[in-house]
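I have placed the structure first, in the form of structure tokens, so that the comments after it can refer back to it.
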Amino acid sequence: VPSLRISDFTGEPSMIGDRVDLRAKITDKTNQVLEAHAIAYKLEKSEVVRKALEQWADDQIHIATVVVRLTRGEGGGTA
């Protein structure tokens, strides 16, 4: 999993469309890191989570795009 960049958590409003509710169980360690990050950057913890997941989703789309480009270049066949 690629690491997240601090610049991704500046508190700038993001261009997010419709939102859906997400609830998940997380470890105490993860919760503490999210809380610390939120405090350090004066953000709501939910905003830290949204931005982290948005960056992860962008990374996954980028990976998929690279895969499509590479497989088109090789005829799109599978081994």
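All of these numbers come straight from a predicted model, not from anything done at the bench.
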Exercise for the section: May I ask you to check whether Asp59 and Gln55 show a side-chain donor-acceptor distance below 3.5 Å? Expected result: yes
Practice task
Check whether any side-chain heavy atom of Asp58 lies under 4.5 Å from a side-chain heavy atom of Gln60, and answer yes or no.
Solution key: no
Exercise for the section: List the steps and the verdict of side-chain contact (heavy atoms from CB on, under 4.5 Å) for Arg23 and Asp21. Expected result: CA-CA 7 Å; Arg23 295 173 191 262; Asp21 188 45; 2.9 Å; yes
Practice task
State yes or no: do Ile26 and Val48 share one hydrophobic cluster built from I, L, V, M, F, W and Y residues joined by side-chain heavy-atom distances below 4.5 Å, directly or via other members?
Solution key: yes
Problem - Heavy-atom side-chain contact between Val49 and Leu22 under 4.5 Å - result: no
Handout entry: Sequence-distant partners of Thr65, side chain to side chain donor-acceptor pair (under 3.5 Å), two or more places apart
Key = none
Handout entry: Residue pairs, two or more places apart or on separate chains, that pass salt bridge (Lys or Arg N to Asp or Glu O under 4.0 Å) and touch residues 31-45
Key = Glu35-Lys45
Practice task
Look up atom CD in Glu47 and atom NE2 in His37, then write down how far apart they are to the nearest 0.5 Å.
Solution key: 10.0 Å
Practice task
Identify whether Leu53 and Tyr41 are in the same connected component of the hydrophobic contact network (ILVMFWY, side-chain heavy atoms under 4.5 Å).
Solution key: yes
Problem - Non-neighbouring partners of Thr30 that pass side chain to side chain donor-acceptor pair (under 3.5 Å), sequence neighbours left out - result: Thr27
